[in-house]
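Numbering starts at 1 and runs along the sequence shown. Quantities reported herein were computed from a predicted structural model and do not represent experimental measurements. All values below come from the heavy atoms of this structure, side chains included, with hydrogens, waters and symmetry mates left out.
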Amino acid sequence: IGLATGIAKSLHTIWKSKNISTVTKVQLYKSLVLSVLLYNAETWTLKESDKRRLKVFEMTMLRRIQGVSLRDRKRNDVIRKELGVTVDITRVVQHRRLTYFGHVVRMQNTRFPNIALYGYVHGTRSRGRPHKRWLDNVHEDCVELGLTLCEADTLAKDRTLWRATTVRLLSAAFMQSS
């Protein structure tokens with residue numbers, strides 16, 4: 001988030017400019033800021049606090065693009081609709097994570113990501129609540145799609161079917177925002 005904030009601050013004059021349309025500003029945001037923010041996002045393990053921080057960053061940027069402050073008391077969904085940003089940033093991360101999950105499932109069994117996905121670590125865990133794992137996030141994403149992890153594993157073996165399934169996640173988010 002810090003790197004993406006730095007990029008966004010360097011584009012401050014563009015966000016303030018009245019000569020550039022908001023459509024162009026949103027395209028610049030998606031191509032320059034989001035590409036830095038979401039670099040390697042498919043491997044992230046997100047907690048709820050991390051999701052909240054991403055959403056706050058996204059709405060801060062969208063408000064800056066539109067020239068609206070929090071004092072204007074304009075709702076987030078109104079800003080999103082006016083700018084044409086339909087998909088939430090956490091949905092984009094989920095889509096990327098599920099796409100990468102399918103990629104790892106289709107890998108050869110000798111490749112390290114596949115070994116890490118299906119492998120088992122022997123030993124005992126330390127006391128306390130266990131850390132959230134990447135596979136836990138994938139499981140949550142699959143539950144949102146109405147799948148179990150085993151069903152997702154089977155579906156992911158077929159690339160075109162898995163792509164259609166993951167796109168369903170984004171289209172469901174698009175339908176909710178409309």
Side-chain angles (χ1 to χ4, degrees), residues 1-8 26-62 80 83-126 129-178:
I1 291 176
L3 290 173
T5 302
I7 299 293
V26 169
Q27 288 175 341
L28 285 171
Y29 162 70
K30 286 181 178 179
S31 61
L32 298 175
V33 179
L34 279 187
S35 62
V36 171
L37 178 67
L38 297 178
Y39 178 76
N40 211 17
E42 51 271 354
T43 61
W44 292 351
T45 302
L46 289 179
K47 296 184 276 186
E48 289 301 318
S49 60
D50 300 327
K51 290 179 185 178
R52 190 170 44 255
R53 286 178 58 212
L54 284 173
K55 287 179 181 179
V56 166
F57 174 79
E58 181 186 35
M59 284 314 303
T60 302
M61 288 304 308
L62 294 179
R80 285 178 170 288
L83 291 177
V85 178
T86 55
V87 180
D88 186 17
I89 194 163
T90 55
R91 293 287 184 165
V92 174
V93 172
Q94 284 177 327
H95 181 259
R96 286 183 175 205
R97 186 172 31 233
L98 287 174
T99 303
Y100 185 65
F101 171 73
H103 180 65
V104 171
V105 165
R106 289 186 299 274
M107 281 183 186
Q108 295 174 351
N109 295 337
T110 57
R111 303 268 313 268
F112 288 125
N114 192 290
I115 292 169
L117 179 65
Y118 292 112
Y120 177 76
V121 178
H122 297 283
T124 58
R125 283 186 163 188
S126 58
R129 183 178 184 161
H131 293 287
K132 193 167 194 178
R133 299 171 301 170
W134 181 78
L135 203 56
D136 296 335
N137 275 132
V138 172
H139 177 69
E140 290 171 3
D141 299 341
C142 290
V143 166
E144 209 166 308
L145 285 171
L147 301 169
T148 65
L149 205 52
C150 293
E151 292 170 343
D153 188 79
T154 306
L155 278 175
K157 302 253 190 240
D158 182 8
R159 187 177 187 170
T160 55
L161 189 61
W162 185 244
R163 184 176 289 149
T165 306
T166 58
V167 167
R168 193 174 67 192
L169 180 73
L170 288 179
S171 63
F174 177 74
M175 294 308 221
Q176 286 176 352
S177 66
S178 296

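- Interatomic distance, NZ of Lys30 versus CG of Leu38, reported as 12.0 Å (0.5 Å rounding).
- In this structure, OH in Tyr100 is found 15.0 Å from CH2 in Trp44, a value given to the nearest 0.5 Å.
- Side chains of Arg91 and Arg96 form no contact here, defined as non-hydrogen atoms less than 4.5 Å apart.
- The pair Lys47-Asp50 fails the salt-bridge criterion, with no side-chain N (NZ, NE, NH1 or NH2) lying under 4.0 Å from an Asp/Glu carboxylate O.
- Salt-bridge check for Glu48 with Lys51: passed, with a basic side-chain N closer than 4.0 Å to an acidic carboxylate O.
- The two residues Val33 and Ile7 come nearest to each other via the heavy atoms CG2-CG2, 4.1 Å.
- Judged by distance alone, with hydrogens and angles left aside, the side-chain atoms of Arg168 form a donor-acceptor pair with the main-chain N or O of Leu145 at under 3.5 Å.
- Contact record, Ala41 with Val93: O-CG1, 4.0 Å, taken as the closest heavy-atom pair.
- When every heavy atom of Phe101 is checked against every heavy atom of Leu117, the shortest pair comes out as CE1-CD2, 4.0 Å.
- In this structure Asp141 satisfies the side chain to side chain donor-acceptor pair (under 3.5 Å) test together with Gln94, Arg97, sequence neighbours excluded.
- Taking the side chain as every heavy atom from C-beta outward, Thr86 and Arg80 never approach each other to under 4.5 Å.
- The only option from Val87, Ile89, Leu83 that meets the side chain to side chain contact (heavy atoms under 4.5 Å, CB included) definition with Val85 turns out to be Leu83.
- In summary, Arg53 and Glu58 do not engage in a salt bridge, as defined by a charged side-chain N under 4.0 Å from a carboxylate O.
- In this structure, NE2 in His95 is found 11.5 Å from CD in Glu42, a value given to the nearest 0.5 Å.
- Closest heavy-atom contact between Ala152 and Trp162: O-CZ3, 3.7 Å.
- Among all heavy-atom pairs drawn from Lys132 and Leu46, the shortest one is NZ-O, 3.3 Å.
- By the neighbour-count criterion of 12 heavy atoms within 6.0 Å, atom CD1 of Ile1 is densely surrounded, having more than that number from other residues, nucleotides or ligands.
- From Thr99, atom OG1 reaches atom CZ of Arg159 across 10.0 Å, with rounding to the nearest 0.5 Å.
- Across Leu98, Leu155, Thr165, a single residue satisfies side chain to side chain contact (heavy atoms under 4.5 Å, CB included) together with Cys142, and that is Leu98.
- Residue pairs that meet the side-chain hydrogen bond (donor to acceptor under 3.5 Å, both in side chains) test with at least one member in residues 102-111, sequence neighbours left out, do not exist here.
- Between the CG atom of Asp88 and the NZ atom of Lys55 there is a distance of 5.0 Å, given to the nearest 0.5 Å.
- Taken from CG in Leu37 to CG in Leu54, the straight-line distance is 5.5 Å, to the nearest 0.5 Å.
- With 3.5 Å as the limit, one finds a donor-acceptor pair spanning the side chains of Asp153 and Tyr118.
- For the pair Val143/Glu140, no side-chain contact is recorded, criterion being any heavy-atom separation below 4.5 Å from C-beta on.
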